[in-house]
There are 2 protein chains.
Amino acid sequence: MTKKQQETAQNDVDESLAAQVVGTLPEWITQLIQINTLIANRMGVVATDFHCLHALHQDGPATASVLAGRVGLTPGSTSRMIDRLADAGCVKRVPDPGDRRRIVIEPTAEGLDRITTYYAGLTARTHGDLADFDDDQLRTLLRFVEAARDSAIAEVDRLRSAQPDE
Amino acid sequence: MTKKQQETAQNDVDESLAAQVVGTLPEWITQLIQINTLIANRMGVVATDFHCLHALHQDGPATASVLAGRVGLTPGSTSRMIDRLADAGCVKRVPDPGDRRRIVIEPTAEGLDRITTYYAGLTARTHGDLADFDDDQLRTLLRFVEAARDSAIAEVDRLRSAQPDE
DNA sequence: CGCAACAATTGCGCGACACAATCTAACGAG
DNA sequence: CTCGTTAGATTGTGTCGCGCAATTGTTGCG
């Protein structure tokens, strides 16, 4: 438990710590999913809609089909989802002048405001949690979070492309 | 950018780093939700069912009504969800000998196996990500993840209890 | 011995999603 | 220039999960 450990001991602790981190993540994820659902319901939309609004915010405006690929929905479901988000005033359909088949979906200022507003509670808590860490530690956290995000993206791609039961 | 900074400069960097972490989290969450949905579909159940199975795994067996409270569903929906999970062989209903009204839901070994199996991909990636950090850094990560999990739990409680539009 | 309270389960309607068909627009071949 | 093909978005149709309310079985209290 001291700071100076042999490599073996350190490896043991290392694995134990890593396992603890990995074990805590699902508990965290479970709660985050709950939060997303609760926030979406408050916005008068479904969790998927909120997810879509997130995707628009993060990766920028996109057409319906591209958006369908991002959130993992069929084009038909995406079209109706856009209807709901548009009715809620969160997104707007912008026809593409260059190609009249394409219709770009972009979030409205109101839609983006709602994301930050409804997320404010969790954001504040997270900032509070981060206040306990110094600069170097924050860099460590950022490095991990970014790596975990990239891993999650890779895992989504794998699950999407791989055949079921394989 | 050097290691010796005035307090003001350090605070600036600090806030910037914290903001980066906070900003990255939603992107991560979005992917994690996707993964949960994809995994659930592969298991032949809905995302909510998988969520419920998680809750059983984390907090132990529970009755239907308690479970309903954990996952945020009505008792009726919970009952049918248990039907689906039972059909899939992931949980079993165990009558309480002491109170014949109560029926305890507990995950089967097969159900727990499926969680670890389907999560194996992401778990492996996460372990790979964590391999880049030393012991002290892992402690930092663990501390943050646990704090974030607790904050998420607190936020769920807040959103549940608070009135809509407030 | 009723009678209220509790726990789990169904009857019912709403709505989100997948699948397939439809419609418009752009592109390419002759 | 015209027609067939492709791409993109939308709309019928069915399925199914969920919330709400009523029902059944069980416990405990007066």
Side-chain angles (χ1 to χ4, degrees), chain A residues 33-34 36-53 55-56 61-88 90-106 159-160 164, chain B residues 33-34 36-53 55-56 61-88 90-106 159-160 164:
Chain A
I33 293 175
Q34 285 279 315
N36 261 284
T37 305
L38 289 168
I39 290 178
N41 289 344
R42 294 209 170 194
M43 291 180 60
V45 297
V46 192
T48 309
D49 303 2
F50 190 59
H51 180 190
C52 168
L53 196 53
L56 285 174
T63 64
S65 48
V66 171
L67 204 54
R70 282 190 197 162
V71 297
L73 259 61
T74 61
S77 303
T78 305
S79 184
R80 292 193 175 91
M81 176 180 62
I82 295 169
D83 289 342
R84 293 193 298 270
L85 282 172
D87 288 344
C90 295
V91 303
K92 65 181 174 207
R93 288 182 163 93
V94 179
D96 184 341
D99 186 342
R100 278 189 297 180
R101 289 174 305 179
R102 303 171 69 87
I103 295 182
V104 177
I105 315 300
E106 58 184 39
L159 290 172
R160 287 255 189 85
Chain B
I33 292 175
Q34 285 278 315
N36 261 285
T37 304
L38 290 167
I39 290 178
N41 290 344
R42 294 209 169 194
M43 291 180 61
V45 297
V46 192
T48 309
D49 303 2
F50 190 60
H51 180 189
C52 169
L53 195 54
L56 285 174
T63 64
S65 49
V66 171
L67 204 54
R70 282 190 198 161
V71 298
L73 258 61
T74 61
S77 303
T78 305
S79 184
R80 293 193 176 91
M81 176 181 62
I82 295 169
D83 289 341
R84 293 193 297 271
L85 282 173
D87 288 344
C90 296
V91 303
K92 65 181 174 206
R93 288 181 163 94
V94 178
D96 184 341
D99 186 342
R100 277 190 296 182
R101 288 174 305 181
R102 302 171 70 86
I103 295 182
V104 177
I105 315 299
E106 58 184 39
L159 290 172
R160 286 256 188 84

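The analysis underlying the following values was restricted to heavy atoms, covering all of them including side chains, and did not include hydrogens, waters or symmetry mates. Order of the sequence lines sets the chain letters (A, B, ...), proteins ahead of strands, with each chain counted from 1. All values derive from a computational prediction rather than experimental measurement.
- The two residues B:V45 and B:F50 come nearest to each other via the heavy atoms CG2-N, 4.3 Å.
- When all heavy atoms are compared, the tightest approach of B:M81 to B:L73 is SD-CD2, 4.3 Å.
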Would you mind writing out the side-chain donor-acceptor pairs for residues 62-69 of chain A within the sub-3.5 Å range, not counting sequence neighbours?
| unit_1 | atom_1 | unit_2 | atom_2 | d |
| --- | --- | --- | --- | --- |
| A:T63 | OG1 | A:S65 | OG | 3.4 |
| A:T63 | OG1 | A:V66 | N | 3.4 |

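- For A:R100, the side-chain hydrogen bond (donor to acceptor under 3.5 Å, both in side chains) test picks out no residue, with sequence neighbours left out.
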- Please lay out, stage by stage, how A:D49 and A:M43 fare under the test side-chain contact (heavy atoms from CB on, under 4.5 Å). CA-CA 10 Å; A:D49 303 2; A:M43 291 180 60; over 6 Å; no
- Message: I'd like to compare against my own output: the B/S/- annotation of nucleotides 7-20 of chain D with a strict under-4.0 Å heavy-atom distance to protein.
- Response: BSSBBBB---SSB-
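- Taking only side-chain nitrogens and oxygens, B:R100 never comes nearer than 4.0 Å to OP1 or OP2 of D:dG25.
- Distance B:N41 CG to C:dA18 C1': 11 Å, rounded to the nearest Å.
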